[in-house]
Amino acid sequence: MCGIVGYIGKQKALPILINGLKRLEYRGYDSAGIAMLENGDLQIVKQPGKICELEESVAAANFTGNVGIGHTRWATHGVPDRKNAHPHTDCRKRLAIIHNGIIENYSTLKNELILKGHTFVSETDTEILVHLIEEFYDNNLEQAVRYALAEIQGTYGILVVSKDEPEMIVAARNGSPLLIGVGEEEYFAASDASAIIRHTRDVAYLDDGEMAILNHKTFVTKTIHDKPVTKYVERVSFDLEQIEKGGYPHFMLKEIFNQPETIRDCMRGRLMLENGDVRLGGLEVHLDQMLKAKKIVLTACGTSWHSALIGEYILEELLRLPVEVDYASEFRYRNPVLDPETIVIVISQSGETADTLAAVREVKKMRSPVFGICNVVGSTIARETLAGVYLHVGPEIGVASTKAFTAQVTVLMQIALLLARRKWMSAEEGKKIIRELQAIPEKVEKILQLDQKIQKLAELYGNSHNFLYLGRGYNFPVALEGALKMKEISYIHAEGYPAAEMKHGPIALIDENMPVVFIAIKDHSYDKIISNIEEVKARNGRVIAVATEGDEKIKERADHVIYVPQTLDFLSPLLTIVPLQLLAYHAAIVRGCNVDQPRNLAKSVTVE
Ligand code: G6P
């Protein structure tokens, strides 16, 4: 959700805040604002729209102060306009706050504060917090923030400044990510490292219930109950170039085209062809526990949930264990049946998704082992799970997930292989799978060469109102993911279904205006899916088939064919998803949509 950044040091704060906010824009982009401590005064500039619009409105102000905070918003309470944009201020305009998260008891508190004479100007939950701090403020910002936080329920990552204590930023976290960047006589605070990586790679991650007090010389960390805590300063491993577009018009396209490399990175140092085995350092000491499992539960949200579905098929096939997949938002509230012989694997690119994180905490309460598959190193889920596997694909900036999806499937495959080799699988069988895995990046490269052809298809069908995506087996979740990509960024209504289910409803929608994307590769259900294609053609539907190279027969039935190279059935999603990512991307371009910042979406959903 929202992105936050703060700076205190010897440089001018404004450019640092604006550049930081640009890096964070993928977290939310409906309005933005900054608060600067400027010559003993508190200056606030807010603007609906994107950071470039904020940048234009602050340009004339010529701020030179070296303390400030900035925010890019994803609206939860109140429309995205100037009054609801952060920072919010108290009645006397001495204090300013930026906030990521949700204050659940805000309406009770607001009524109480109104009775005490406070005046509110926005519809946000955040504004009550700054008035609450004002209630407690007696020239001790740290203490006032602490007292105010004791009154609120909900989640927050906040930065607060006061014009009466201009040499200080107070930060606090509960449920929304926040880290402190450590420079030389300068400190940063941000909701993620990409905002500050240009200036420092040394960061300390705050945990829930912790706060930090930053000044020009040092930063101090405590719990919100005033107990000192020591934080380790860690080094962020990614480079600036990984969070730049690198010549591509959009991050999403760059991330799609980077997949040969990111899949390689995700396997690097993990596959041992000589003995047909896998090494996943994070899981090593937990292998016995994993091997004793009688059931596996996978839980996640969004695209990560789709890779969990593929994981279900792979793990069941290779381990012969029951595997359940659940949306994290459902899992956390439905009193799931867990025991110490059930292992739970959560999947999250960001490692911050609120529902997935809550699922982790539920599982821990029930004392089942919970493992994580995350991309963002040091993220909350990565830190709160027992152990896990990182994707190692670098930051994913495009809001629609692409390279994280293929890496998640690659990791799930590696976990399945690791466990299967210890249970029943021969070294020979392991080697065969590893050889196929190692060949995937080159095969993805080949598919990427079809980009122009896929662009033409997008031009042909980009004005459709609906799309249907159908697949079977391992490629049923790919149909779901293909449809999700299409609706996320092109706003075309798209649905994914298991192909055989088409007859139970979606077939009613088929006419000459309905493009139907079939994932029809040569696997054990190929003949069945060909029958489904016939059923669509009999009703004049337009068929786009993703098929296996060399399948000439399918050309007679489908209107358009996109060929992908042959691979093992359970690896096929790594190939079949790529043309569907490109199709969605080009359809969005044809329709003039903002690919990297689709309307209403956010990259990291840190509210329920
Ligand atoms: C948001 C993003 C999706 C992502 C989902 C889960 O909806 O827009 O791309 O798949 O959250 O995020 P996670 O970081 O937990 O994988």
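Counting starts at 1 for both ligands and their atoms, following the listed order.
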When you measure from atom 12 (O) of ligand 1 to every protein heavy atom, which one gives the shortest distance, and what is it?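 Looking only at protein heavy atoms, the one closest to atom 12 (O) of ligand 1 is Thr353 OG1, 3.3 Å.
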Heavy atom of the protein closest to atom 7 (O) of ligand 1 (residue, atom name, distance):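 Nearest neighbour among protein heavy atoms for atom 7 (O) of ligand 1, to 0.1 Å: Val605 CG2, 3.9 Å.
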Is NZ or CZ of Arg591 both nearer than 6.0 Å to the six-membered ring centre of Tyr491 and within 45° of the ring axis?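 Because its charged atom misses either the 6.0 Å distance or the 45° angle limit, Arg591 does not stack over Tyr491.
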Neighbour count >12 (heavy atoms, 6.0 Å) for atom CZ, Arg334: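 For Arg334, atom CZ is crowded (more than 12 foreign heavy atoms under 6.0 Å).
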Report, as yes or no, whether the 6.0 Å neighbourhood of atom CZ on Arg268 holds more than 12 heavy atoms from other residues, nucleotides or ligands.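 Yes.
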Between Asp208 and Arg361, is there a salt bridge with N-O shorter than 4.0 Å?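 Salt bridge: yes.
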Charged N to carboxylate O under 4.0 angstrom, Asp207 versus Lys231?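 Between Lys231 and Asp207 there is a salt bridge, with a charged N closer than 4.0 Å to a carboxylate O.
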Ignoring hydrogens, just give me the one of Ala300, Cys301, Ala602, Ser401 whose non-hydrogen atom is nearest atom 6 (C) of ligand 1.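 That would be Cys301.
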Which ligand 1 atoms, with their elements, are less than 4.0 angstrom from a heavy-atom of Ser304?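 So the answer, numbered in order with elements, is 10 (O), 13 (P), 16 (O).
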I'd like to check which ligand 1 atoms, numbered from 1 as shown, lie under 4.0 Å from a non-hydrogen atom of Val399.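 Every atom of ligand 1 under 4.0 Å from some heavy atom of Val399: 8 (O), 9 (O).
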Using a 3.5 Å cut-off on N or O atoms only, is Thr303 in polar contact with ligand 1?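 Looking only at distances, the answer is yes, because the N/O contact criterion of under 3.5 Å is met.
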